[in-house]
Amino acid sequence: MAKKDDLRSRSAEELNKELLELRRAQFGLRMQMATQSLTKHSEVERVRRQIARVHTFLNQEKAKAKGSAK
């Protein structure tokens, strides 16, 4: 799991790669849940929250870029 400071120091390209990995993990967890082979149900929530964190930092990067373009 990436910490906030780790995410903050990453570039937008790295954050997009992290987001792709998290989406794949989320898909895998959904498949495990559908086949009733998921053992740690808390992983679903953890991945969802991590995706939200990455989205937050991506939006902050966009806002910085937009603000410096003025």
Report task. Check step by step if side-chain contact (heavy atoms from CB on, under 4.5 Å) holds for L19 and L15. Result -> CA-CA 6 Å; L19 184 60; L15 287 172; over 6 Å; no

Requested in this report: May I ask you to decide whether R49 forms a salt bridge with E45, counting only side-chain N to carboxylate O separations under 4.0 Å?
Outcome: yes

Query raised in the report: What's the spacing between L58 CG and E18 CD if we round to 0.5 Å?
Result: 10.5 Å

Requested in this report: Please assess L38 against V44 for the test side-chain contact (heavy atoms from CB on, under 4.5 Å), listing each intermediate value before the final yes or no.
Outcome: CA-CA 10 Å; L38 184 63; V44 176; 3.8 Å; yes

Query raised in the report: So does R46 pair up with E43, basic N to acidic O under 4.0 Å?
Result: yes

Query raised in the report: Do R48 and L22 come within less than 4.5 Å of each other through their side chains, counting heavy atoms only?
Result: no

Query raised in the report: Stepwise, does the side-chain contact (heavy atoms from CB on, under 4.5 Å) test hold for R23 with V47?
Result: CA-CA 8 Å; R23 290 283 186 185; V47 170; over 6 Å; no

Report summary line: Tracing side-chain contacts under 4.5 Å among Ile, Leu, Val, Met, Phe, Trp and Tyr outward from F27 reaches M31

Query raised in the report: Are T56 and Q60 close enough that some pair of their side-chain heavy atoms sits under 4.5 Å apart?
Result: yes

Query raised in the report: Can you tell me how far the CG atom of N59 sits from the NZ atom of K66, to the nearest 0.5 Å?
Result: 11.0 Å

Report task. Take atom CZ of R24 as the centre, draw a 6.0 Å sphere, and report whether it contains more than 12 heavy atoms from other residues, nucleotides or ligands. Result -> no

Report summary line: Q36 meets the side chain to side chain donor-acceptor pair (under 3.5 Å) criterion, sequence neighbours left out, with none

Query - Validation row: E13, N16 side chains within 4.5 angstrom (heavy atoms) - result: no

